[in-house]
Amino acid sequence: MQNITILGSTGSIGMSTLDVLARHPERYSVYALTAHSRVEQLAEQCLKFKPQVAVVGSADAALRLSRLLQEAPQIEVLHGAEALCQVASAPACDAVMAAIVGAAGLASTLAAAKAGKKVLLANKEALVMSGQLFIDAVKQSGAVLLPIDSEHNAIFQCLPHNYDRSPAALGVEKILLTASGGPFLTRPLDTMDAVTPAQAIAHPKWVMGRKISVDSATMMNKGLEVIEAHWLFGAAASQIEVVIHPQSVIHSMVSYIDGSVLAQLGNPDMRTPIAHALAYPERIASGVGALDLTVIGQLQFSRPDLQRFPCLKLAYDALLAGGSAATILNAANEVAVQAFLDEKIGFGMIAQLIARTMDSLPLCAVTDIEMLLEQDRLARQTVNALIS
Ligand code: NAD
Ligand code: MG
């Protein structure tokens with residue numbers, strides 16, 4: 001029996017994780033569930049899954065949750081950032097699904113890594129912003145890091161079992177990261193300024209949280225994934241190639257020096273990578289239907305247009321620049337995306353604001369978490385000043 005903490009259980013990934021867990025009550029129990037503000041939804045989840053601990057964002061939310069959980073007084077209700085780290089690193093917890101969105105998930109995801117947990121990583125921003133520090137924490141504690149992002153989970157499945165962040169050692173030539181291209185793959189470029197938040201979050205293939213949906217529309221999501229792939233698999237920027245594949249059936253590929261290309265395919269449903277990582281190295285049912293290629297008929301591929309998707313280029317630039325660049329990129333993007341969702345800026349401004357923030361902050365080496373958080377803070381301050 002494995003005892004699981006889900007950080008961000010009320011989100012898209014959190015809910016899909018609970019869906020998979022509910023199919024295997026003999027294998028998994030829930031240690032802790034956490035949510036930021038959706039107290040009613042968290043209460044329902046708690047009554048169904050009976051965690052030992054539930055964590056919310058504020059004292060007020062904790063009070064409301066306790067009232068809703070009167071019939072389950074054994075569930076301990078906590079609140080705040082420290083409590084997130086506590087449930088991510090508690091001795092009673094075996095595995096942590098890191099599914100908080102954005103930098104808000106860094107401390108708790110890192111706490112799980114430092115505590116040597118099995119870390120199921122959905123929160124790509126945490127890895128993008130902390131890079132080597134995160135990988136070092138995993139190595140030092142002996143944590144097992146398993147990717148949930150569908151592309152990275154696919155790559156993990158296509159790599160040899162004894163792969164250890166060194167492509168050349170096992171004949172890996174390239175990582176081919178597939179991308180659907182999002183909702184604006186073919187939209188006329190001169191109409192991009194008129195894009196509304198509702199249009200940007202209407203992804204053609206995946207149903208996801210709002211932030212990652214906007215990131216998919218700008219393709220910053222793929223940019224963050226390039227950086228994520230660099231840290232997870234030890235591949236250089238030149239070894240990570242983005243391929244547009246609108247059907248989202250091939251979730252990514254690995255190309256070997258002998259000319260072989262291995263791919264992982266499946267219906268676009270996050271329960272597949274979630275089930276894979278939960279049960280690894282075994283396999284369990286996820287609730288996802290079998291792939292019928294004869295229904296899909298055609299698989300298409302093309303190269304990304306960097307003029308249409310400047311955010312993808314900004315992410316490659318940040319990876320090549322190293323040091324604090326990815327931290328700044330990630331922070332500027334989070335602020336710009338929120339401003340777009342709040343209708344304070346147009347869609348095209350997202351990339352411009354990130355570029356200007358990156359240009360105006362000097363790069364530095366990031367050797368500890370305090371420096372990292374300071375770079376994150378400076379970038380947010382800079383992009384906020386540019387917006388107002
Ligand atoms: P979401 O917006 O649906 O859910 C986010 C979760 O984080 C919620 O439970 C929310 O309560 C919690 N949260 C938000 N702000 C918080 C804060 N300040 N403190 C504590 N908790 C907070 O997001 P999602 O789509 O589930 O994505 C979660 C993560 O997984 C993101 O990093 C995303 O990039 C990654 N991811 C998502 C998908 C997907 O299909 N949804 C696929 C790949 C990767
Ligand atoms: Mg992805």
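This one's a predicted model, so the numbers in the text were calculated from it and none came from an experiment. For ligands, and for the atoms within them, numbers begin at 1 and follow the listed sequence. All residue numbers refer to positions in the sequence shown, counting from 1.
- For the pair G14 and ligand 1, no heavy-atom separation below 4.0 Å is found.
- Contact annotation: the side chain of W231 approaches that of R165 to within less than 4.5 Å [non-hydrogen atoms, C-beta and beyond].
- If you check the side chains of D342 and Q338, you find a donor sitting under 3.5 Å from an acceptor.
- Closest heavy-atom approach to atom 6 (C) of ligand 1 within the set A99, S213, P273: this belongs to A99.
- If you run ring pair (Phe, Tyr, Trp, His ring centres under 6.0 Å) between F156 and each of F233, Y163, Y280, only Y280 comes through.
- Shortest contact from atom 9 (O) of ligand 1 to any protein heavy atom: T10 OG1, 2.8 Å.
- By the criterion of a heavy-atom distance under 4.0 Å, the side chain of E125, and not its backbone, is placed next to ligand 1.
- Residues S255 and V261 meet the side-chain proximity criterion, which asks for heavy atoms closer than 4.5 Å.
- You'll find the side chain of M97 reaches within 4.5 Å of the side chain of I274, heavy atoms only.
- Nearest N/O/S atom of E225 relative to the Mg ion (ligand 2): this is OE2.
- The protein heavy atom nearest to atom 5 (C) of ligand 1 is V101 CG1, 3.7 Å.
- Side chain to side chain, D60 and S58 fail the donor-acceptor criterion of an N or O pair below 3.5 Å.
- The residue among G8, G105, A122 with a heavy atom at the shortest distance from atom 35 (C) of ligand 1 is A122.
- The closest protein non-hydrogen atom to atom 42 (C) of ligand 1 is M270 CE, 3.6 Å.
- Distances from the Mg ion (ligand 2) to the N/O/S atoms of D149 are shortest for OD1.
- Residue nearest to atom 27 (O) of ligand 1, selected from I13, T17, N221: I13 (by heavy-atom distance).
- For the pair I227/L329, a side-chain contact is recorded, criterion being any heavy-atom separation below 4.5 Å from C-beta on.
- The closest heavy-atom contact to atom 18 (N) of ligand 1, among the options A104, G102, G11, comes from A104.
- Of the protein's non-hydrogen atoms, the one nearest atom 36 (N) of ligand 1 is I212 CD1, 3.6 Å.
- Around CD of Q307, the count of heavy atoms belonging to other residues, nucleotides or ligands within 6.0 Å does not exceed 12.
- Here the side chains of L42 and L68 are not in contact, with every heavy-atom distance at 4.5 Å or above.
- For the Mg ion (ligand 2), the nearest N, O or S atom contributed by E151 is named OE1.
- Between R27 and E282 there is a salt bridge, since a side-chain N of the basic residue sits under 4.0 Å from a carboxylate O of the acidic one.
- D164 and S166 share no side-chain donor-acceptor pair at under 3.5 Å.
- The nearest heavy-atom contact from the protein to atom 2 (O) of ligand 1 is G209 CA, 3.9 Å.
- Counting atoms of ligand 1 from 1 in the listed order, those under 4.0 Å from a heavy atom of A35 are 11 (O).
- Residue, atom and distance of the protein heavy atom nearest to atom 17 (C) of ligand 1 are H36 ND1, 3.3 Å.
- Among protein heavy atoms, atom 34 (O) of ligand 1 sits closest to K124 CE, 3.2 Å.
- Looking only at protein heavy atoms, the nearest one to atom 3 (O) of ligand 1 is S12 N, 2.9 Å.
- Under 3.5 Å, the side chains of Q298 and Q247 contain no donor-acceptor pair of N or O atoms.
- Short contacts between ligand 1 and D149, defined as distances under 4.0 Å to a heavy atom of the residue, involve ligand atoms 43 (C), 44 (C).
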